[in-house]
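In the text below, chain A, chain B and the rest are named by the order of the sequence lines, each starting its count at 1.
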2 protein chains.
Amino acid sequence: MDEVDLTLNEFLCFAIYTAEHAFTRLYKPLLDRLGLTYPQYLVIVALWEEDGASVGRIGEKLFLESNTVTPLLKRLETAGFVRRSRNPADERQVRIQLTDRGWALRKEVADVPGCVIQATGRDLPDLKRLRDEICALRDAIAAFNISTAGRRTETAS
Amino acid sequence: MDEVDLTLNEFLCFAIYTAEHAFTRLYKPLLDRLGLTYPQYLVIVALWEEDGASVGRIGEKLFLESNTVTPLLKRLETAGFVRRSRNPADERQVRIQLTDRGWALRKEVADVPGCVIQATGRDLPDLKRLRDEICALRDAIAAFNISTAGRRTETAS
DNA sequence: GAAAAATATATCGCGCGCGATTAAATCGCG
DNA sequence: CGCGATTTAATCGCGCGCGATATATTTTTC
């Protein structure tokens with residue numbers, strides 16, 4: 001029965017929504033000079049962690065489906081940052097490997113994280129704490145999404 | 001000089017990015033039954049707060065530009081939730097007004113906030129604290145974006 | 001070993017977010 | 001009043017995120 005305020009600024013989700021845009025706008029000029037979008041940057045970072053990952057594995061790391069990742073990877077391939085090849089051991093899988101150019105980005109983005117941290121005006125322990133809280137929130141919501149996935153039609157009252 | 005980890009899960013921005021998607025997926029089935037997308041829902045909430053707002057005012061509230069808001073409002077108009085009309089006092093402005101159908105949504109979404117709160121598995125004070133922290137973070141980044149807007153070309157080095 | 005089920009990726013359409021640009025109305029300054 | 005500057009929306013193109021679906025490969029089952 002506890003009345004919930006139907007005001008935009010009351011919503012945590014709205015805060016996250018607008019914060020996400022603020023980060024994208026912050027990254028834009030930093031990544032433009034490398035010819036990367038923010039999601040493309042995330043894929044590159046994922047590949048630095050795990051070069052040769054499959055399309056599905058990259059999607060798993062980024063919480064995205066193949067219908068998003070596949071075209072993104074094709075653009076990265078066209079730009080010369082990655083190579084795409086079928087896995088001989090399982091021809092269903094497509095293996096994504098960084099090119100020399102893809103590895104070279106690692107040096108070129110070296111100052112980016114520092115710049116982003118500076119923009120937040122906070123220290124690292126504080127940012128890590130906040131990150132952990134948001135990850136926990138995300139995981140709780142994702143778990144809820146899965147647990148209710150079967151009974152969508154009865155959600156109303 | 002302090003070395004920053006170039007790992008996906010280290011990034012606060014990545015946490016925000018994935019949390020934003022988790023929220024969108026959470027809202028999807030709740031809003032589908034009303035024929036609204038999540039950004040459309042935000043616009044409707046903004047109009048409950050301020051019916052008759054201009055396109056620019058709505059963009060201001062949602063941190064969006066007219067090139068995003070205009071087509072979104074046209075879709076809401078087509079769906080019958082809002083009316084769009086020029087402001088007679090200033091013909092440059094387009095005034096957005098909720099229709100009866102738009103106001104009626106207020107009752108139909110009554111259970112949505114509660115459902116979202118439940119999904120987070122947290123209590124209201126905790127959520128409000130987190131929301132305030134994220135808003136502060138967003139505002140810090142947005143201020144930084146503005147303050148450095150003029151000297152984008154020298155950010156390297 | 002052949003058919004059925006499961007898995008991995010790709011394709012298509014649509015809505016959003018935004019940079020760049022355009023068009024129209026208003027404002028300001030002489 | 002007149003004309004340039006400013007303000008407000010709208011348009012266009014592109015990349016992303018995703019639901020729905022298709023295709024190809026592998027695994028399972030009988």
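- Regarding A:Leu73, its CG atom lies at a distance of 14 Å from the C1' atom of D:dG15, rounded to whole Å.
- Partner B:Leu42 forms a side chain to side chain contact (heavy atoms under 4.5 Å, CB included) with one of B:Leu36, B:Thr37, B:Leu47, B:Leu62 and no other, that one being B:Leu62.
- The base-pairing partner of C:dA6, taking Watson-Crick or G-U wobble contacts with both distances under 3.5 Å, is D:dT25.
- Take B:Arg86 and apply the salt bridge (Lys or Arg N to Asp or Glu O under 4.0 Å) test, not counting sequence neighbours, and it matches no residue.
- Rounded to an integer number of Å, the gap from A:Tyr27 OH to C:dG17 C1' is 18 Å.
- With sequence neighbours excluded, no residue satisfies ring pair (Phe, Tyr, Trp, His ring centres under 6.0 Å) with B:Phe11.
- Every residue two or more places apart in sequence or in another chain that forms a side-chain hydrogen bond (donor to acceptor under 3.5 Å, both in side chains) with A:Thr7 is listed here: A:Asp5.
- Summary of the strand contacts: A:Arg95 and A:Ala22 both lie near DNA chain C, and taking for each the nucleotide with the nearest heavy atom, the more 5' one is attributed to A:Arg95.
- The side chain of A:Arg86 approaches C:dA10 more closely than any other nucleotide in the set D:dC16, D:dT11, C:dA10.
- Two residues, B:Glu91 and A:Pro71, neighbour DNA chain C, and the one matched to the more 5' nucleotide by heavy-atom proximity is A:Pro71.
- Between the C1' atom of D:dC18 and the OH atom of B:Tyr17 lies a distance of 12 Å, rounded to the nearest Å.
- A:Ile96 places its CD1 atom 12 Å from the C1' atom of C:dA8, with the value rounded to the nearest Å.
- For B:Phe14, there are no ring pair (Phe, Tyr, Trp, His ring centres under 6.0 Å) partners at least two apart in sequence or on another chain.
- In this structure, B:Arg84 reaches the sugar-phosphate backbone alone: every heavy-atom distance under 4.0 Å involves primed, P, OP1 or OP2 atoms, never a base.
- In this structure A:Glu77 satisfies the side-chain hydrogen bond (donor to acceptor under 3.5 Å, both in side chains) test together with A:Arg84, sequence neighbours excluded.
- In this structure, the CG atom of B:Leu62 is 15 Å from the C1' atom of C:dG15, given to the nearest Å.
- The side-chain hydrogen bond (donor to acceptor under 3.5 Å, both in side chains) test applied to B:Asn87 returns no partner, not counting sequence neighbours.
- Within a 6.0 Å radius of CG in B:Asp100, no more than 12 heavy atoms belonging to other residues, nucleotides or ligands are found.
- Residue A:Thr70 places at least one side-chain N or O closer than 4.0 Å to OP1 or OP2 of C:dA10.
- A:Glu65 comes within contact range of no nucleotide atom at all, as no heavy-atom separation falls under 4.0 Å.
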Extract from the structure each pairing of a protein N or O with an N or O of nucleotides 20-22 of chain D at less than 3.5 Å, listing the distance.
unit_1, atom_1, unit_2, atom_2, d
D:dA20, N6, A:Asn67, ND2, 3.4

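- Distance CG (B:Leu72) to P (C:dG17): 7 Å, rounded to an integer number of Å.
- Both A:Asn87 and B:Val69 sit near DNA chain D, but only B:Val69 has its closest nucleotide nearer the 5' end.
- Looking at A:Gln93, A:Glu60, A:Arg92 one by one, the single match for side chain to side chain contact (heavy atoms under 4.5 Å, CB included) with A:Ser54 turns out to be A:Gln93.
- Shown for residues 35-46 of chain B: no residue has heavy atoms falling under 4.0 angstrom of DNA chain D.
- Residues satisfying the side-chain hydrogen bond (donor to acceptor under 3.5 Å, both in side chains) test with B:Lys128, not counting sequence neighbours, are A:Glu10.
- Distance alone, capped at 3.5 Å, places no donor-acceptor pair between the B:Glu108 side chain and the B:Leu34 backbone.
- With sequence neighbours left out, A:Tyr41 forms a ring pair (Phe, Tyr, Trp, His ring centres under 6.0 Å) with A:Tyr27.
- If you measure from atom CD of B:Glu60 to atom C1' of D:dA9, you get 15 Å, rounded to the nearest angstrom.
- With sequence neighbours left out, the ring pair (Phe, Tyr, Trp, His ring centres under 6.0 Å) criterion links B:Phe81 to no other residue.
- For D:dT11, the OP1/OP2 oxygens have a side-chain nitrogen or oxygen of B:Lys74 closer than 4.0 Å.
- For C:dC16, the OP1/OP2 oxygens have a side-chain nitrogen or oxygen of B:Arg75 closer than 4.0 Å.
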Please list, pair by pair, any protein nitrogen or oxygen found under 3.5 Å from a nitrogen or oxygen in nucleotides 1-8 of chain D.
unit_1, atom_1, unit_2, atom_2, d
D:dT7, O2, B:Arg92, NH1, 3.2

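- What separates CD of B:Glu77 from P of D:dA10 is a distance of 10 Å, to the nearest Å.
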